Amino acid sequence: MRIAKLHRAATLAVAAGLTVLALAGPEARAQNIVVLVNDEPITSGDIAQRTRWMARTSGFGDRMKALLTGDAIKERFRQLMIQANPRSQAEAEQTAERIKKQLIEEAKGRVLSEGGGTSRKQVIETLIEDKLKLQAAKKLDITITDKEVEEVLAQRAGGGDGKKPQLNEFYQQFEADGISRKTVQNIIRAQLAWRDVIRRQYGPRIAAMLAALPSDDQKPADGDIQFDVRVLRLAVAGSDERAVSQRMMEAENLRSKFTSCADLPKRARLVADASVKAVDKAKLASFNKDAQPLILKASEGQMTPPILVSGAVESYAICKKGIVLKPNAAAENKPDARQQEFERFSRRYLQDLKKSASIDYRTKVD
């Protein structure tokens, strides 16, 4: 009797297991080893997951739009409506909505299964590279924690613009398309691990090479600087030296009490025949030649020493000083030298790892 019960329990367990497998999708059921990379497996399930990831992150919207527009999709919609044969206006509207959802799901399934135009061979190659990257990190005792991975994902979930990260919602977007959290995490883990591998292996060499490169930084020409200035002008009656000296002292007194460009006109009103003129976004050449070196030397928030200019004493308050940005497409598009060197060493090291690795293809790779 006991044996019969045990036999029945075992039969039910096997049946339950078969039911779970039957309900699972083909990706969950098929976990055949396709490649061994230094004895670590890449399965058909890994390939299916990465294919979906590549499709989801490479022109997904454009591919969906292409499948859901045009005469072909309109004809399919028409045929499905005819087959449904709705009997009323309300039923027709409900049927139309159902068919639209059906067509969207069909398009999504097709785009995800095609991998965004990436071939199966390319997907496998990417997975091999990730295996090698993680193996290289392990040899160097580089460990990327789950916390580090989730911090990076949280930044991406927030869009990098200060929004509050919603990591669960981020995961759910991919899970809705059959991409597991583990897949997303493994991709980021490999990226972070490889970054640290290259830094560890080649960081000093990259730094030395960059230090040896000629600097592109050039001191801006005087003519490239523009100024926002308040010109304090004290009129001088005649050419009497005592009158000029008196005005110089008054200008110097105002200069010593200068606090801001906004406050200067109010202080100038306390001095007879004194005025303040605003000159904004002016090039150095637009000022008196004697004043130019003083203006150039002064910093923002300072006033220059007074000078005699055309029968008046002038002093210049520097409100703003900056370089005029010239459009330079070549400079804007110039790649970052550090990133270039990082990528160069990254490609070289990855090729070396591939050459020395044991890569055993268990099935044919198209």
Side-chain angles (χ1 to χ4, degrees), residues 13-60 62-64 66-67 105-140 142 144 149 171 173-195 197-198 343 346-366:
V14 171
L18 291 173
T19 301
V20 170
L21 287 174
L23 292 173
E27 294 169 12
R29 297 197 302 269
Q31 290 290 322
N32 303 321
I33 294 176
V34 178
V35 189
L36 284 173
V37 183
N38 293 326
D39 295 328
E40 289 190 14
I42 294 173
T43 68
S44 54
D46 296 329
I47 295 169
Q49 282 283 296
R50 186 59 66 95
T51 299
R52 285 179 171 268
W53 166 268
M54 288 183 164
R56 191 65 180 79
T57 57
S58 302
F60 180 77
D62 291 339
R63 292 177 182 275
M64 285 289 289
L67 289 177
E105 288 303 314
E106 288 178 358
K108 182 188 288 187
R110 180 176 168 184
V111 171
L112 292 172
S113 65
E114 290 176 352
T118 306
S119 69
R120 185 170 183 270
K121 184 177 181 180
Q122 290 173 310
V123 172
I124 293 173
E125 188 69 15
T126 300
L127 287 166
I128 290 172
E129 289 178 355
D130 277 6
K131 284 286 185 189
L132 293 172
K133 289 173 181 180
L134 289 168
Q135 290 169 2
K138 187 177 181 180
K139 286 182 180 179
L140 295 172
I142 293 171
I144 304 300
V149 170
Y171 281 133
Q173 291 175 12
F174 292 103
E175 288 173 333
D177 294 327
I179 303 166
S180 70
R181 296 189 181 201
K182 184 179 178 182
T183 293
V184 177
Q185 292 166 348
N186 286 344
I187 290 167
I188 301 302
R189 193 183 306 279
Q191 292 174 1
L192 297 178
W194 188 241
R195 175 203 62 190
V197 167
I198 299 303
E343 290 174 359
S346 175
R347 287 192 299 269
R348 180 192 298 176
Y349 192 39
L350 193 55
Q351 287 301 318
D352 290 343
L353 291 177
K354 285 182 180 179
K355 288 177 183 177
S356 61
S358 170
I359 302 176
D360 179 13
Y361 293 92
R362 294 300 182 91
T363 63
K364 184 178 179 181
V365 178
D366 298 326

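Remember, predicted model here, so these are calculated numbers, not experimental data.
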| Do the non-hydrogen side-chain atoms of Gln351 and Arg347 ever get within less than 4.5 Å of each other? |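 A side-chain contact is absent here, since even the closest heavy-atom pair is not under 4.5 Å.
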| task | Taking the side chain as every heavy atom from C-beta outward, state whether Val197 and Lys133 have any pair of such atoms under 4.5 Å apart. | result |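 No - every pair of side-chain heavy atoms lies 4.5 Å or more apart.
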Once rounded to the nearest 0.5 Å, what's the spacing between atom [atom1] of [X] and atom [atom2] of [Y]?
X      : Y      : atom1 : atom2 : answer
Thr51  : Gln122 : OG1   : CD    : 10.5 Å
Lys182 : Asn186 : NZ    : CG    : 6.0 Å
Ile128 : Ile359 : CD1   : CD1   : 5.0 Å
Ile47  : Ile42  : CD1   : CD1   : 7.0 Å

Test of understanding: with salt bridge (charged side-chain N to carboxylate O under 4.0 Å, His left out), list the residues that count as partners of [X], not counting sequence neighbours.
X      : value
Asp46  : none
Arg181 : Glu175
Glu129 : Lys354

For [X], all residues meeting side chain to side chain contact (heavy atoms under 4.5 Å, CB included), sequence neighbours excluded:
X      : answer
Leu67  : Ala107, Arg110, Val111
Lys355 : none
Gln135 : Val37, Asn38, Glu40, Lys131, Leu132

| said: Using every non-hydrogen atom in the two residues, find where Val34 and Thr43 come nearest and quote the distance to one decimal. | reply: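 Looking at all heavy atoms of both residues, the closest pair is CG2-C, 4.0 Å.
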| task | Considering non-hydrogen atoms only, spot the tightest contact between Ile198 and Tyr349 and give its length. | result |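 Between these two residues, the closest heavy atoms are CD1-CD2, 4.1 Å.
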Does [X] have any side chain to side chain donor-acceptor pair (under 3.5 Å) partners at least two apart in sequence or in another chain, and if so, which?
X      : result
Asp177 : Arg56, Lys108
Arg362 : Asp360
Ser180 : Gln49, Thr183
Asp130 : Arg50

| request: Assess whether side-chain contact (heavy atoms from CB on, under 4.5 Å) is satisfied between Lys138 and Leu134, documenting all intermediate values. | output: CA-CA 6 Å; Lys138 187 177 181 180; Leu134 289 168; over 6 Å; no
| field | Residues which pass ring pair (Phe, Tyr, Trp, His ring centres under 6.0 Å) with Tyr171, listed by chain and number, not counting sequence neighbours | value |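 If we apply the ring pair (Phe, Tyr, Trp, His ring centres under 6.0 Å) test to Tyr171, skipping adjacent residues, there are no hits.
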